[in-house]
Each structure stands twice: as C-alpha cells, then as structure tokens.
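To start, the structure itself, in structure tokens.
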Amino acid sequence: MPKKIALFSCGWAFDLLHDYAKGAVKRIQGLDVDLYMFICYPPYVDDEILKVGELNIFNLPNMEDFDGALVIGNAIDHEGMYETIIKRCKDAGIPVVSTGRKNEYAYFVGSDNYDGARSLYTHIVEEHGIEHPLFIAGNANNDDSNTRYETLCQVLREHGISEDNVEIFFSLWEPKLTVDHIHRKYGEQKQPLPDAFVCANDNLAIAVCLALEEIGYEVPVDTIVTGFDNDYSAEIYSPSITSVDQRFRDLGAYAIRLLLDVIEGNERNREVYIGCELFQSESCGCKSIRDLDYLRRLQGKNVFYERMMTTIFERNVSLIEGEVLAGATYEEFETNLRKVLSSDTTFIGKSFHIVLEKSFRKSMTNLDTVFRTKGYSKTMNAVFSMEDGKTMTFPEFETRQLVPYIDPNKKNRVFVFVPIHEITENYGYMIFCDNVDIVANRNHLFEFMTRFNTIMSKVRQNLSLRVLNKKLIELTETDTLTNVKNRAAYATKEGELNSIIKSGTHMNFGIGVFDINNLKKINDSLGHEAGDAYIVNCCQLLCKTFRNSPVYRIGGDEFAVLLMEEDFKNRDELFLKMRDRMKEIASQDPAPEERVSIAGGIAVFENGNDLKVADVFTRADAAMYDDKVEIKKIL
C-alpha cells in the first residue's frame with residue numbers, strides 16, 4: 001500500500017499553491033507515495049455563511065486513513081479552520097508539516113518571511129529614499145501580511161523615520177478593491193501620492209500599477225511599487241515588479257521530505273527555514289538581473305496556448321450546461337452528464353470523477369430535502385468516473401475511500417478534490433487525477449468550479465420545478481371525491497388526441513360514456529353524504545372494470561373512459577362483465593348508497609371518418625342514453 005499524504009490549502013494563492021505542489025510531486029517521484037490535495041476558494045467576506053460550502057471540502061478525508069499531512073497555513077486564514085485541520089490530524093495521531101503558519105503540534109517549514117521583507121524594505125529605504133509609503137495589506141488576520149507590515153515599520157524606525165508615516169489599506173487580497181481605492185483617493189480626491197506603494201503580494205502590486213496608469217501616473221517615475229512572492233506574471237509585467245522569491249517549489253519539496261522522514265521515525269528539527277531571494281526590478285527604478293525581453297517574448301508565445309485553453313474551457317462548460325439542463329428527469333441528467341464529460345477530456349483530463357450526495361437526487365422529488373452543511377455522508381453516488389479515458393460505473397461507494405476507483409498498478413498518484421455545493425448546502429465533490437497543473441491560475445479551476453456549481457444548482461432547480469409542476473397539474477386534474485382524473489384532464493387529453501388525428505396518424509381507441517342512475521333520488525332521500533358514497537362506489541366499479549384505461553369524472557354523475565390497448569380490444573366483454581357485477585351487487589340487497597347502477601355507451605374512433613374526439617364522444621353519449629332508457633324499462 002502506498003503512503004497517503006493529504007495536502008490542505010485554499011486556492012487563491014494560485015502560484016504559491018502550484019509551485020508548492022509541483023515541488024512536493026517532484027520529490028515523491030519513484031517513492032511509493034500518493035498525494036491527496038483538498039482545495040477550495042472561500043470568499044474573503046465578513047459573512048461566514050458564504051464560506052461554509054467551500055471550506056467543507058477540508059472535512060472530507062478521514063485523517064486516520066492517512067500517513068501524514070501538509071498544510072499551507074498562510075493560504076488558510078479563515079477563522080479556526082487551520083487549527084481545526086491540525087487538531088484532526090493530531091487526534092488521528094499522524095504528523096503534520098505546516099508552511100506559512102506555526103502550530104505547537106505541527107512541524108514547520110517556511111521561507112524566512114521576515115528576512116525577505118527586511119532585505120526588500122531596506123533596499124527601497126536606502127537606495128530609493130522612501131519615507132512615506134502606503135502599505136497595501138491582505139486581510140487583518142493574515143500572518144504573512146502582518147509580518148511584512150511590521151517589518152516595514154521596523155526598517156523605517158531603524159533609519160530614523162517614524163512608523164506613523166506608514167499608511168495601511170486592507171485589500172482583503174482583492175485587486176479590484178485596491179484599484180477602486182487608488183482611483184478614489186488619488187484620482188477623484190487628488191491626494192498626493194505616497195513615495196512608495198508597498199504591497200503584500202505581487203497581484204496587488206500589479207493592480208496598483210494598472211490603477212496608477214489609468215489615472216495618469218507612471219511607475220517608477222512618479223512613485224515606486226513593490227510586491228512579494230515573485231510571481232511569473234509580476235516578473236513579465238511592464239514595469240517588472242520588484243519582489244521577493246519565497247521559493248515555494250523548494251518549500252513543497254522540503255516539506256514532504258521532512259514529513260516522510262518523520263513518518264519513518266527519523267529525528268528532525270521541528271522548524272526549518274529556507275532563505276528568500278530579493279529580485280530588484282523596474283517597478284522601483286532598478287535594472288532587473290533577468291532577461292526580461294526574453295521572458296516577455298516567451299510569454300507572447302504562450303498567449304496562443306492560453307487563448308486556446310480558454311476557448312476549450314468556455315466551450316466545455318457551455319456544452320456541459322446545455323447537455324445537463326436538457327434532461328427532463330434525474331436519470332437523463334446523469335446520462336447527459338456522462339456523455340458530455342467523456343466526449344472531450346481536454347480540460348478535465350483522462351481520469352476524473354464526480355461524486356454526489358444521495359440527497360441531491362432526493363431533492364428533485366422532495367422539496368423539503370435537508371442537505372449536509374458539514375462533512376459528507378457515509379455512502380455517496382459516483383455519477384461520473386473515468387480512468388485513463390475509460391468510463392466506469394460505481395452507483396454507490398463508501399465515501400471514506402474518497403476516490404471511486406484507483407488503479408493499483410499506478411504509482412505517485414495525485415488527486416485534487418474540490419467541492420460541489422450551493423452556499424452552505426453540500427452536493428458532493430469532484431476529483432481531478434494526476435494533474436497537479438490544474439491548480440495553476442491559467443487553467444481555470446476556480447472558474448470551472450464556480451460555473452459547475454451554478455449548473456448543478458440550475459439542474460436541481462429545473463428538475464424540482466418539473467416535479468412540482470407535475471404535482472400541481474395532477475392536483476388540478478384530479479377529482480377530489482373519487483381521485484380519478486377530472487374534466488380538465490379530459491380536455492387536455494382530448495386536445496392531445498385531436499392533434500394526432502389532425503396529423504393523419506392511424507389510431508385505435510374508443511370512448512365509453514357512463515352516467516350514474518338514481519343519484520338524485522339518493523341525495524334527496526338520504527342526503528349528499530350518502531350520494532357521495534354512491535358516486536365513489538360506481539367510480540370504483542368503472543376503474544376495476546377498465547383497469548388499463550384512464551377514467552375521467554366529467555360531471556356530477558357523468559364519467560368517460562378512454563379505452564386503450566387490451567381494454568379497447570375487449571371492450572364489449574368488459575362492458576358485459578360490468579353489467580353482471582351490477583346485478584350481483586343488487587342481488588345482495590345492499591343499502592341504497594351501496595348499490596351500483598350505471599348506464600353506459602361505447603363508440604370506436606373511425607380512422608378517415610372521425611375528424612375529432614368529440615365525434616366519437618357524441619356517438620358514445622347517444623349509446624349511453626339508449627342504454628339508460630332500456631334500464632328504466634326494466635326497472
């Protein structure tokens with residue numbers, strides 16, 4: 001059995017996560033180790049409810065089934081979640097290596113965030129003379145962002161500059177909030193620029209450069225900008241961003257190496273730091289040591305590939321939406337989903353699974369279905385499973401095994417788990433197999449998850465509405481006394497048959513028209529309650545006689561039967577059996593309301609002669625009245 005290593009991270013730090021995971025995957029090559037990555041994208045908003053569905057993916061694995069865990073702590077800064085993950089590992093008795101945040105139980109591997117920040121901020125103070133910077137922070141409880149801010153203040157103090165000169169803006173890691181702030185403060189309000197925008201990461205630095213350019217300022221002529229993380233996008237941006245490389249790929253490789261050593265029982269230091277590297281570049285006015293022209297030309301070549309992947313992504317998602325929403329039933333939804341996913345694997349890869357809670361299917365017919373908001377059910381449905389391009393069927397499997405099928409002959413498997421949900425309601429999860437690159441920003445994982453979750457919500461809404469509409473139609477077309485179809489239902493069916501007749505299609509059907517005898521007499525003498533019981537008894541005899549045909553109550557004492565198939569073939573015999581049954585009941589001398597007396601007539605649709613259903617009904621109605629006259633003669 002291969003060792004099972006879990007990796008937990010939020011996915012917003014795309015490049016950090018991708019580099020870290022690539023480093024870990026490279027390190028386990030040739031070892032008997034599989035990596036299980038649990039990834040989500042919770043929004044940075046105050047409303048905790050909006051985060052529940054995303055963060056729930058962290059509750060999926062049973063940590064007792066794992067040999068160890070990696071946690072990218074600085075990417076999980078949602079209150080209590082990081083601590084919860086560590087506690088679950090501790091309770092399971094497995095070792096944990098944390099990156100970016102420290103915990104007394106976990107081993108720690110991290111870049112020297114302080115040292116990297118100090119080298120950057122010392123550079124801009126000593127080489128560029130900044131004294132009044134604006135610090136663009138992440139969110140208030142993020143350790144990395146706070147360390148960088150505190151280090152900036154410390155460096156300024158050491159150079160005789162008051163830390164009160166530092167303004168701070170909390171961006172919540174949202175570039176748009178940063179852009180809006182700059183437009184408002186320096187564009188609309190015309191406040192003087194700080195001498196430096198010191199940003200907590202590179203994405204925020206790029207957003208600052210874009211915003212300043214839009215309101216007429218030039219970096220680094222009018223002010224300087226710095227970032228952090230040394231993302232590739234920041235490196236090739238113009239101006240190229242001065243930043244600090246935290247060596248995430250090396251962190252991933254070292255973290256899993258440390259974890260495997262601890263699993264094997266080897267003694268290791270509980271804290272390991274990897275040095276950062278400062279990259280001076282154009283955004284602070286320095287010359288980059290890298291060949292930026294080459295990197296930018298290389299990016300130009302990548303534009304075609306990225307455009308192609310975006311087109312494939314948009315096409316695939318549109319096809320998925322079109323196919324699955326076309327289904328009128330849950331069964332059609334599953335069939336269409338399997339068809340569209342297996343038709344083009346460019347985006348999802350050759351090995352991919354979708355696992356749904358049973359409650360998702362149940363909710364189509366039961367609008368009161370309650371979904372789980374924490375954790376996952378013991379058993380779930382694998383609605384789509386594909387391994388190496390071959391689809392397989394696993395209608396139900398134990399959720400604890402996580403993946404419906406794992407090829408025992410493959411080594412170094414990588415499984416990426418992401419949630420399927422609607423806000424707090426857990427629908428299930430999907431698994432991308434052996435494709436660590438899916439977490440890179442350019443590969444649209446977040447967009448795919450968001451669109452797929454929306455599609456699943458639409459499927460649930462559409463199918464449940466169909467069921468609700470069907471129930472409403474049944475309710476409006478059902479006679480409340482007898483529970484057979486009513487006159488409105490008969491009119492609907494009559495319209496359908498008239499359309500078929502108009503098309504010239506050959507049909508075999510007949511109509512029976514029946515009228516209850518003596519109803520007024522029973523109502524007058526015994527009351528309407530007895531009359532209702534009499535109607536029900538007569539209706540039951542019709543239903544038992546014509547078992548294969550729909551019965552309609554079209555008036556107070558009138559019924560119509562649409563004779564189909566076997567009932568149509570045996571109509572005369574069935575009519576006589578009904579007569580015999582009425583005589584049998586009468587011979588038992590029952591109470592008046594328990595008697596059954598029905599006059600009836602039957603007519604057959606004549607292809608070529610009858611132009612509409614009413615023609616058949618008229619003949620059957622006439623035959624019914626003739627029968628009523630004969631019955632009265634006997635009585």
Side-chain angles (χ1 to χ4, degrees), residues 13-20 22-23 26 110-131 133-136 144 147-148 151-152 154-156 158-159 175 194-210 212-213 217-254 273-303 306 440-442:
F14 300 105
D15 293 320
L16 181 161
L17 171 60
H18 183 228
D19 283 350
Y20 183 98
K22 290 282 280 188
K26 184 177 180 180
S111 57
D112 194 336
N113 195 17
Y114 170 78
D115 184 64
R118 184 175 179 82
S119 63
L120 171 61
Y121 305 148
T122 299
H123 168 74
I124 59 175
V125 170
E126 293 182 353
E127 299 298 325
H128 300 286
I130 71 142
E131 295 184 359
L134 169 62
F135 185 76
I136 307 291
D144 284 349
T147 296
R148 290 162 198 168
T151 305
L152 174 62
Q154 179 184 348
V155 169
L156 289 173
E158 291 173 355
H159 288 79
D195 51 16
F197 288 84
V198 180
C199 302
N201 71 16
D202 289 337
N203 285 337
L204 298 175
I206 292 174
V208 168
C209 291
L210 285 169
L212 290 173
E213 183 178 350
Y217 292 106
E218 183 180 353
V219 176
V221 175
D222 298 305
T223 186
I224 68 173
V225 176
T226 66
F228 215 96
D229 294 339
N230 195 41
D231 288 348
Y232 178 68
S233 56
E235 192 174 13
I236 62 172
Y237 185 77
S238 181
S240 178
I241 305 297
T242 292
S243 188
V244 173
D245 188 347
Q246 296 192 73
R247 299 169 58 192
F248 295 125
R249 194 163 299 201
D250 293 337
L251 285 175
Y254 202 95
Y273 289 90
I274 295 176
C276 296
E277 187 175 359
L278 171 63
F279 282 92
Q280 304 166 18
S281 203
E282 297 169 337
S283 68
C284 73
C286 290
K287 181 176 176 60
S288 175
I289 63 171
R290 296 172 175 174
D291 188 345
L292 297 180
D293 287 340
Y294 169 75
L295 292 175
R296 287 163 179 161
R297 287 197 303 271
L298 185 63
Q299 175 60 16
K301 294 179 180 179
N302 290 336
V303 167
E306 292 179 3
N441 187 19
R442 65 179 183 275

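Quick caveat: nothing in here was measured; it's all calculated off a predicted structure.
- Listed by first then second residue, pairs satisfying salt bridge (Lys or Arg N to Asp or Glu O under 4.0 Å) with a partner in residues 277-286 read E282-R296, not counting sequence neighbours.
- By the 4.5 Å heavy-atom criterion applied to side chains, R148 and N113 are counted as neighbours.
- With S111 contributing its side chain and G275 its backbone, the two residues share no donor-acceptor pair below 3.5 Å.
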- Item | Worked check of side chain to side chain contact (heavy atoms under 4.5 Å, CB included) between T223 and Y217 | CA-CA 8 Å; T223 186; Y217 292 106; 5.9 Å; no
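- Among residues two or more places apart in sequence or in another chain, the ring-ring contact (aromatic ring centres under 6.0 Å, His included) test is passed with H159 by none.
- The nearest pair of heavy atoms linking D195 to E131 is OD2-N, 2.6 Å.
- For D202 (side chain) and A234 (main-chain N/O), no donor-acceptor pair under 3.5 Å exists by modelled atom type.
- Donor-acceptor pairing under 3.5 Å is lacking for the side chains of Q246 and N230.
- Panel note: side chain S119, backbone G116; a donor-acceptor pair is recorded below 3.5 Å.
- A donor-acceptor pair under 3.5 Å links the side-chain atoms of N201 to the main chain of N203, judged by distance alone.
- Within the structure, every pair that satisfies the salt bridge (Lys or Arg N to Asp or Glu O under 4.0 Å) test and touches residues 110-120, not counting sequence neighbours, is listed here: R118-E158.
- Here the closest non-hydrogen pair linking A205 and C199 is CA-SG, 3.5 Å.
- Under the side-chain contact (heavy atoms from CB on, under 4.5 Å) rule, P133 has a single partner from I124, V125, L156, which is L156.
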- Message: Test side chain to side chain contact (heavy atoms under 4.5 Å, CB included) on S281 and E235; report intermediate values, then the result.
- Response: CA-CA 8 Å; S281 203; E235 192 174 13; over 6 Å; no
